[in-house]
Amino acid sequence: MRVQLTIALSGLLAMPAYSAEFDLDIEIPQLKVAEYHRPYVAVWVEGADQKAAANLAVWYMSKDAKEGHGTKWLPDLRQWWRKSGRTLKVPVDGVTGPTRPAGKHALNFDSKSPQLAQLAPGDYTLVVEAVREVGGRELLKIPFRWPAQSPQSGKAQGTTELGTISLSIKP
């Protein structure tokens, strides 16, 4: 028994450890419209099977307002809701937060972040979905490999509800 335990432990110690920085910039454009509402935004990672593998951020109106509580409108983030949102109990610590104003917003994670620590090695897609009341809906995707063996970057350009989405991963 003692020999087997020693072998098992040495096998664990030989496993390669990796560390990576996962930096994401999301631009919400300033729209010139008569009635402007900040968009609800969901950011998640999908596996090769197109199932949600990790939720990175969900921005929504978290306080009561005259039109109702903000969670009432989360199903309008259709793709995220179908793949992940309906099974979550919001707010989710470290994931959910208030809507953001127009401008650039940075999200930073590393391989030890709870959102990314459980990702198995493989090909993934970063997905950003935005929807705005009295506005439109937009979905952008950027493929990447995890864990990063070399630096990776990707961009996607929105046309209405989202501006430029930039992803940078450094090992």
Side-chain angles (χ1 to χ4, degrees), residues 10-31 38-60 74-88 90-132 135-171:
S10 67
L12 288 174
L13 295 173
M15 289 177 62
Y18 63 88
S19 178
E21 295 176 19
F22 188 100
D23 298 320
L24 174 62
D25 290 320
I26 299 173
E27 182 182 21
I28 297 174
Q30 179 66 52
L31 303 175
R38 290 181 180 184
Y40 279 30
V41 176
V43 182
W44 72 97
V45 173
E46 286 184 356
D49 59 1
Q50 296 185 338
K51 292 183 180 176
N55 285 295
L56 301 180
V58 180
W59 302 336
Y60 66 97
L74 284 175
D76 285 353
L77 290 163
R78 290 180 187 162
Q79 293 298 315
W80 171 78
W81 184 255
R82 288 179 186 140
K83 294 181 181 208
S84 179
R86 70 172 111 200
T87 61
L88 292 177
V90 290
V92 179
D93 187 35
V95 173
T96 55
T99 58
R100 307 285 171 96
K104 289 187 178 184
H105 305 280
L107 297 174
N108 308 98
F109 304 92
D110 63 33
S111 53
K112 295 179 179 115
S113 298
Q115 295 91 335
L116 299 176
Q118 301 303 316
L119 288 183
D123 293 324
Y124 292 92
T125 302
L126 171 76
V127 185
V128 180
E129 183 177 18
V131 62
R132 189 173 49 84
R137 171 176 288 103
E138 193 155 24
L139 185 86
L140 299 175
K141 296 183 176 190
I142 301 173
F144 67 94
R145 178 171 272 294
W146 189 260
Q149 301 300 321
S150 60
Q152 302 176 60
S153 63
K155 283 189 177 189
Q157 180 63 51
T159 57
T160 55
E161 303 304 323
L162 292 167
T164 302
I165 308 300
S166 302
L167 174 63
S168 172
I169 303 173
K170 297 175 192 140

Between the side chain of [X] and the main-chain N/O of [Y], is any donor-acceptor distance below 3.5 Å?
X	Y	result
Glu161	Glu138	no
Thr125	Glu46	no
Glu129	Trp80	yes
Gln115	Gly94	yes
Lys104	Thr164	no
Arg137	Asp76	yes

Straight-line distance of [X] [atom1] to [Y] [atom2], nearest 0.5 Å:
X	Y	atom1	atom2	value
Ile28	Ile165	CD1	CD1	8.0 Å
Ser113	Glu21	OG	CD	10.5 Å
Tyr124	Arg145	OH	CZ	10.0 Å
Arg78	Leu139	CZ	CG	11.5 Å

Taking the side chain as every heavy atom from C-beta outward, state whether [X] and [Y] have any atom pair closer than 4.5 Å.
X	Y	result
Phe22	Pro147	no
Val131	Trp81	no
Val41	His105	no
Leu56	Leu126	yes
Pro171	Gln149	no
Asn55	Val92	no

Distance-minimising heavy-atom pair for [X] and [Y]:
X	Y	answer
Ala52	Trp44	CB-CD1, 4.1 Å
Thr87	Ser84	OG1-O, 2.8 Å
Leu140	Gly163	CD1-O, 4.0 Å

field: More than 12 heavy atoms from other groups under 6.0 Å of CD on Gln50
entry: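 Check fails, neighbour count at 12 or below.
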message: With side chain to side chain contact (heavy atoms under 4.5 Å, CB included) as the test, pick out the partner of Leu167 among Ile142, Val128, Asp23, Leu107.
response: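 The option that passes is Ile142.
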message: Given Trp59, which partner from the list Thr96, Val43, Ile26 fulfils the side chain to side chain contact (heavy atoms under 4.5 Å, CB included) test?
response: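 Filter result, single survivor: Ile26.
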message: Tyr60 vs Leu77, test: side chain to side chain contact (heavy atoms under 4.5 Å, CB included). Steps then yes/no.
response: CA-CA 10 Å; Tyr60 66 97; Leu77 290 163; 6.0 Å; no
